[in-house]
Peer 1: 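Here it is, the structure, as structure tokens.
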Amino acid sequence: MARYIGKEMSRVDGVAKVTGKAKYTAEFQMPNVAYGFVATSTIAKGTIRSIDTRDAEHAPGVVRVFTHLNAPKLGPNAKEDAPPRGNQPERDKSFRALQSDRIYFNQQPVALVIAETYEQARFASRLVKVDYTAEKHVTDTEAVRDQAKAPGQPPKPRGNPEQAMRAAPVKIEAEFRIPIEHHNPMEPHAAIAVWEGDKLTIFDKTQDVYGVRQHLTSRLGIPVESITVISPFVGGAFGSSLRPNYYPALTASVARELRRPVKLVYTRTHMFTGHGYRPHTIQKVALGAERSGKLTAMIHDAVHNTSSFEEFNDSTTGFTRQVYACPNLFAPTRVASTDLNTPTWMRAPGAVSGMFALECAMDELAYAAKIDPLELRLINYAEVDPESGRPWSSKALRECYRLGAEKFGWKNRKPEPRSMRDGRLLVGWGMATGVWGAFQRPASAKITFRSDGTANVQSATSDIGPGTYTVMTMIAAEYLGTTPEKVKFELGDTRFPRAPSQGGSQTTSSVGSAVHGAALAVTGKLLSLAKQQSGSPLSAAETGDVEMMDGRLRLKSDNSRSVPIAELMRRNNLNEITETFESRPSAERQKFATMAHGAQFVEVKVDPDVGNVRVTRAIEVTACGKIINPKASHSQEIGGVVWGIGMALQEATEIDHRYGRIMNPNLQHYHVPVNADIHEIETIFVEEDDKVVNPLGVKGMGELGMVGIPAAIANAVFHATGKRVRDLPITPDKLL
Amino acid sequence: MRPFRYLSSTDPSAAVQAVAQNQTARFLAGGTNILDLMKEDIERPTELVDITRLKLADIKTANGGVSIGALATNSATANHPFVRQNFPLLTQAIVAGASGQLRNMATNGGNLMQRTRCQYFYDIAMPCNKRDPGTGCGALQGINRIHAIFGHSDKCVATYPGDMANALYALDAVIRIRGADGQERTMPVLEFHRLPGDTPEKDNNLVHGELIIGIDIPKNNFASKSYYLKVRDRASYAFALVAVAVALEMNGSDIKQARIVLGSVAHKPWRSAEAEQAIVGKPATDDTFKAAAEAAMRGAKPLEHNAYKVELGKRSIVLALQRAMNGGAAA
């Protein structure tokens with residue numbers, strides 16, 4: 001019987017966060033630190049003809065002005081930049097600042113001013129004068145849509161979708177558009193680089209300390225052993241700190257040049273071009289079905305933009321292959337080059353975009369076939385993975401649908417659009433399905449268990465907000481038989497054992513499994529010590545037979561047979577036991593398809609006169625394996641719903657294509673939901689008992705919470721108004 | 001930001017003179033707008049004269065009207081019992097704007113001085129005649145969904161973004177101003193803001209160095225039938241796509257007096273004399289309201305991306321008038 005796992009626990013770092021004790025990257029203080037401020041380009045494509053830094057250099061407090069003419073060179077060099085061979089990792093083609101006179105995107109760094117204070121650096125940055133030779137740029141995905149290419153292997157159809165589509169008695173076809181969106185975490189990106197000889201310590205806001213270290217090795221030409229990356233707290237990232245951004249290498253290289261610590265902090269505006277974004281995505285979806293609603297053909301063709309120097313692909317249509325049982329399918333994702341920075345993963349990457357199109361199309365099919373939208377999903381329920389034919393390790397989606405519909409009162413829905421009202425407001429009910437993977441990657445954790453029952457646990461993962469500190473503390477306390485107060489979990493440091501990036505909703509499955517494994521290793525070590533004692537009550541026990549509990553190592557089947565741990569350690573002259581464990585995905589997983597699922601039901605109220613949409617009720621039921629900490633998990637899913645509301649109704653990065661420039665790089669013009677936009681949200685978990693996915697039975701949930709929401713809202717808006725808005729966001733002007 | 005001189009004054013004439021003597025000096029009150037603009041290098045004063053210690057924050061009642069100090073905060077004004085009782089339109093308009101924190105800092109005088117929220121004005125790399133005269137207007141052929149449909153010129157299509165002023169236009173407010181010579185003068189609020197014409201860099205008709213010291217609202221009979229409607233992209237903390245301030249005085253079932261002011265459609269709050277004329281003397285029916293809406297929008301000249309404001313404006317006027325008749329409640 002678990003003491004902590006599955007029970008609500010407040011964040012172990014909560015008090016530190018609300019009292020300011022938790023330090024975020026830019027808050028670390030270094031003696032003699034100099035401040036950097038990035039000056040950016042005003043054209044989208046071309047070359048720098050000349051750059052005049054004299055005024056900036058003479059401004060008060062300025063230490064140095066770096067441009068492509070004098071900035072330290074960053075690797076890899078031309079030779080290393082050759083195409084990868086064999087199974088070498090893909091070379092790091094992410095944008096490198098101040099390396100040449102080429103301009104690849106607007107608001108690209110063209111100078112870095114270093115000064116004694118931040119304001120001095122910012123002021124001087126505006127004195128840098130740049131002359132450009134501009135070239136014709138393209139920043140509108142619509143304009144290059146026809147030139148889009150599928151990266152990697154050309155996608156293969158399943159069955160014969162074209163033929164099946166022609167033969168289908170019921171069909172729909174529609175096009176959906178999602179604008180570029182930016183992550184906008186609260187904390188701005190920042191780095192502080194400190195050199196001691198040829199050793200670098202860098203504080204960085206990142207979701208992946210090991211990834212940053214690898215990136216810096218290549219950029220700075222120094223071995224990984226010389227680099228320490230520290231990132232104890234991250235004020236939200238949502239994917240914006242997964243791929244290497246240009247600023248850590250830039251900061252580290254100028255700090256080396258200047259022989260003093262340098263701090264660089266993005267402004268909100270820098271964040272719109274200083275990291276990636278959700279790409280502009282155009283999707284064509286055609287669905288064919290029998291009159292019964294059974295899908296016979298699915299064609300889901302997505303195009304999104306990438307940069308001119310990297311082929312980023314968010315796999316928009318990836319999950320389309322696994323959602324519904326359908327024998328004929330074609331679901332390519334193609335990317336088109338634009339003169340913008342490279343997109344990146346943004347919460348529920350690909351999935352929320354792809355499922356917006358697919359789940360709106362399913363709603364359109366439901367109306368075409370005159371079948372209830374929920375019923376249509378059930379008719380096409382995938383009992384096994386339609387892509388591989390493998391059984392699911394677990395899949396409680398049917399229960400999610402049932403429970404959500406019951407809680408929401410779905411059976412009272414009148415199907416005709418504009419048929420439900422609340423006074424003068426139009427009421428709409430919509431639903432959608434959500435999916436995400438149940439990923440796991442290799443991860444390591446180290447536990448130092450002391451004879452007084454306290455433990456130190458370390459793994460170089462990150463906590464960008466989901467509550468990783470807390471959940472790892474709970475897992476360690478559970479399996480060390482101690483209390484959470486006695487466990488200290490540390491993360492975000494390359495001196496700790498390797499963990500994967502915190503992305504893709506795989507931290508608890510990966511790092512949690514490692515912590516679990518390390519705790520079992522401590523248990524095993526104690527058992528081996530106990531068995532060395534003559535007459536030990538555990539002499540016949542095997543590792544799996546025993547557990548640690550409140551200072552005793554005991555037989556699970558007979559708790560009375562036990563030994564006191566402190567005494568056992570003392571007798572062996574041990575103050576502490578340290579075990580490091582690397583967990584890996586099991587071979588068993590290969591026999592199954594592993595995914596997390598959810599069902600979303602939303603109510604909107606639309607003002608028929610002025611077009612305002614309010615999401616008055618959202619019920620989200622998700623099945624993502626075992627829930628370790630319900631409190632933080634609900635918080636995650638509520639956050640997912642809120643972001644889904646933002647994506648559906650508000651978020652859009654606006655580009656003036658004449659200039660190829662983002663025109664709303666700030667939070668007054670780029671809208672995300674505020675409290676007044678958020679009404680009733682209920683999140684429910686249908687727990688799955690899944691022994692296959694990993695020892696803890698957990699699946700991804702952070703991304704999942706947002707996946708179906710934009711589609712459910714768009715479907716509800718159609719139900720309320722009779723208007724299909726297929727271009728996000730659904731702003732009032734589109735509903736007049 | 002650029003280095004600047006800071007002066008704090010407790011003496012109105014010293015403060016006014018300090019600004020008057022320096023063409024690049026500016027007053028600093030709540031700072032919720034000018035400091036942001038300085039950080040972005042849009043405003044480039046060499047000197048800030050802090051006036052927050054001047055005694056200009058009183059809210060006084062006289063003859064059924066109210067005299068509001070320029071340094072009274074938006075919050076204090078909106079929450080004032082007499083204002084709420086007699087000029088609920090002003091309270092509604094103020095609380096429709098910004099956030100609680102900003103309204104606690106923002107002063108009424110500063111709010112009248114609030115600059116546009118045009119994206120091109122905010123980006124110093126982009127052309128903007130308002131920010132840098134002679135550089136052109138980026139929004140004219142660009143992203144102009146939030147821009148003007150009335151009174152714009154080929155030099156500028158920006159809007160005045162505030163809410164409070166829309167109500168002041170409907171309430172016939174008068175601005176009290178102190179000049180560099182120490183003399184006070186008054187100006188009807190209707191004459192305060194300007195249309196862009198060829199000089200969009202000038203938002204209003206103050207002479208450099210003049211200080212707003214107060215706002216007077218005369219007694220009126222609109223309190224029971226007024227409404228402030230703000231349509232925006234999210235429920236709070238967003239500038240209006242279209243706002244409407246309406247106030248009605250009835251004579252039996254006929255409309256005796258009307259005020260109809262549109263916000264975020266022009267370089268200044270747009271009081272529609274046409275709409276008011278269309279309904280005065282008429283019964284307060286939906287047909288009358290629709291006639292007012294049509295009249296208000298007759299002269300609209302939408303840009304590429306803001307044609308929706310014409311229809312949205314009409315619907316908003318009708319809705320606001322209906323709600324005004326309903327005592328402010330949703331019909």
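Residue numbers start from 1 in every chain, and the chains themselves are labelled A, B, ... in the order their sequence lines are given, proteins ahead of strands.
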Peer 1: For the atom pair CG (B:N306) and CG (A:D733), what is the distance rounded to the nearest 0.5 Å?
Peer 2: 10.0 Å

Peer 1: Is chain B contacted by the side chain of A:E654, its backbone, both, or neither, given a heavy-atom distance below 4.5 Å?
Peer 2: both

Peer 1: Inspect the surroundings of CG in A:D131 and state if more than 12 heavy atoms from other residues, nucleotides or ligands are less than 6.0 Å away.
Peer 2: yes

Peer 1: Heavy-atom distances under 4.5 Å only: say whether A:R661 touches chain B with side chain, backbone, both or neither.
Peer 2: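 Looking at A:R661, just its side chain touches chain B.
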
Peer 1: Which region of B:K39, side chain (C-beta onward) or backbone (N, CA, C, O), has a non-hydrogen atom less than 4.5 Å from a non-hydrogen atom of chain A, or is it both or neither?
Peer 2: both

Peer 1: So which atom in B:Y237 and which in A:V674 form the shortest heavy-atom distance, rounded to 0.1 Å?
Peer 2: CB-CG1, 4.2 Å

Peer 1: Looking at side-chain heavy atoms only, is the closest gap between B:L319 and A:V610 below 4.5 Å?
Peer 2: yes

Peer 1: Against chain A, label B:D123 side chain, backbone, both or neither, depending on which of its atoms sit under 4.5 Å from a heavy atom there.
Peer 2: side chain

Peer 1: With a 6.0 Å cut-off (strictly less than), is the heavy-atom count around CZ of A:R658, excluding the residue itself, greater than 12?
Peer 2: yes

Peer 1: Considering only heavy atoms and a distance below 4.5 Å, find which of A:Q120, A:Q107, A:R126 pairs most often with chain B.
Peer 2: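 Going by pairs under 4.5 Å, I would pick A:R126.
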
Peer 1: Would a 4.5 Å heavy-atom cut-off, applied to side chains only, mark A:V672 and B:R234 as touching?
Peer 2: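 Of all side-chain heavy-atom pairs linking B:R234 with A:V672, at least one is under 4.5 Å.
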
Peer 1: Would you mind reporting whether B:Q119 and A:D656 have side-chain heavy atoms less than 4.5 Å apart?
Peer 2: no

Peer 1: Write down the atom of B:D233, the atom of A:Q650, and the distance for their closest heavy-atom approach.
Peer 2: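 The pair with the smallest heavy-atom distance is O-CG, 3.8 Å.
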
Peer 1: Counting only heavy atoms closer than 4.5 Å, note whether A:N612 contacts chain B via side chain, backbone, both or neither.
Peer 2: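 Only the side chain of A:N612 comes within 4.5 Å of chain B.
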
Peer 1: Where on A:H671 is there a heavy atom nearer than 4.5 Å to chain B: the side chain, the backbone, both, or neither?
Peer 2: both

Peer 1: Would you say NZ of B:K301 has more than 12 non-hydrogen atoms from neighbouring residues, nucleotides or ligands within 6.0 angstrom?
Peer 2: no

Peer 1: Between B:Y122 and chain A, with a heavy-atom cut-off of 4.5 Å, which part of the residue counts as in contact: side chain, backbone, both or neither?
Peer 2: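 Interface part for B:Y122: side chain.
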
Peer 1: Which region of B:P161, side chain (C-beta onward) or backbone (N, CA, C, O), has a non-hydrogen atom less than 4.5 Å from a non-hydrogen atom of chain A, or is it both or neither?
Peer 2: neither

Peer 1: Chain B heavy atoms under 4.5 Å from A:I655: which part of the residue, side chain, backbone, both or neither?
Peer 2: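 It is the backbone, since no side chain atom gets that close.
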
Peer 1: Taking the side chain as every heavy atom from C-beta outward, state whether B:V231 and A:D607 have any pair of such atoms under 4.5 Å apart.
Peer 2: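 Result no, sub-4.5 Å side-chain heavy-atom pair not found.
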
Peer 1: Identify the heavy atoms of B:M1 and A:F123 that sit nearest to each other, and give their distance.
Peer 2: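 Reported closest heavy-atom pair: O-CB, 3.3 Å.
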
Peer 1: Please assess A:N666 against B:E40 for the test side chain to side chain contact (heavy atoms under 4.5 Å, CB included), listing each intermediate value before the final yes or no.
Peer 2: CA-CA 11 Å; A:N666 56 65; B:E40 299 295 331; over 6 Å; no

Peer 1: State whether the number of non-hydrogen atoms from other residues, nucleotides or ligands found under 6.0 Å of A:R421 atom CZ is greater than 12.
Peer 2: yes

Peer 1: Regarding A:Q668 and B:R117, do their side chains bring together a donor and an acceptor under 3.5 Å, going by distance alone?
Peer 2: yes

Peer 1: Quick one: what part of A:I730 sits under 4.5 Å from any heavy atom of chain B, side chain, backbone, both or neither?
Peer 2: neither

Peer 1: Inspect the surroundings of CZ in B:F150 and state if more than 12 heavy atoms from other residues, nucleotides or ligands are less than 6.0 Å away.
Peer 2: yes

Peer 1: Between B:S236 and A:D677, is any pair of side-chain heavy atoms under 4.5 Å apart?
Peer 2: no

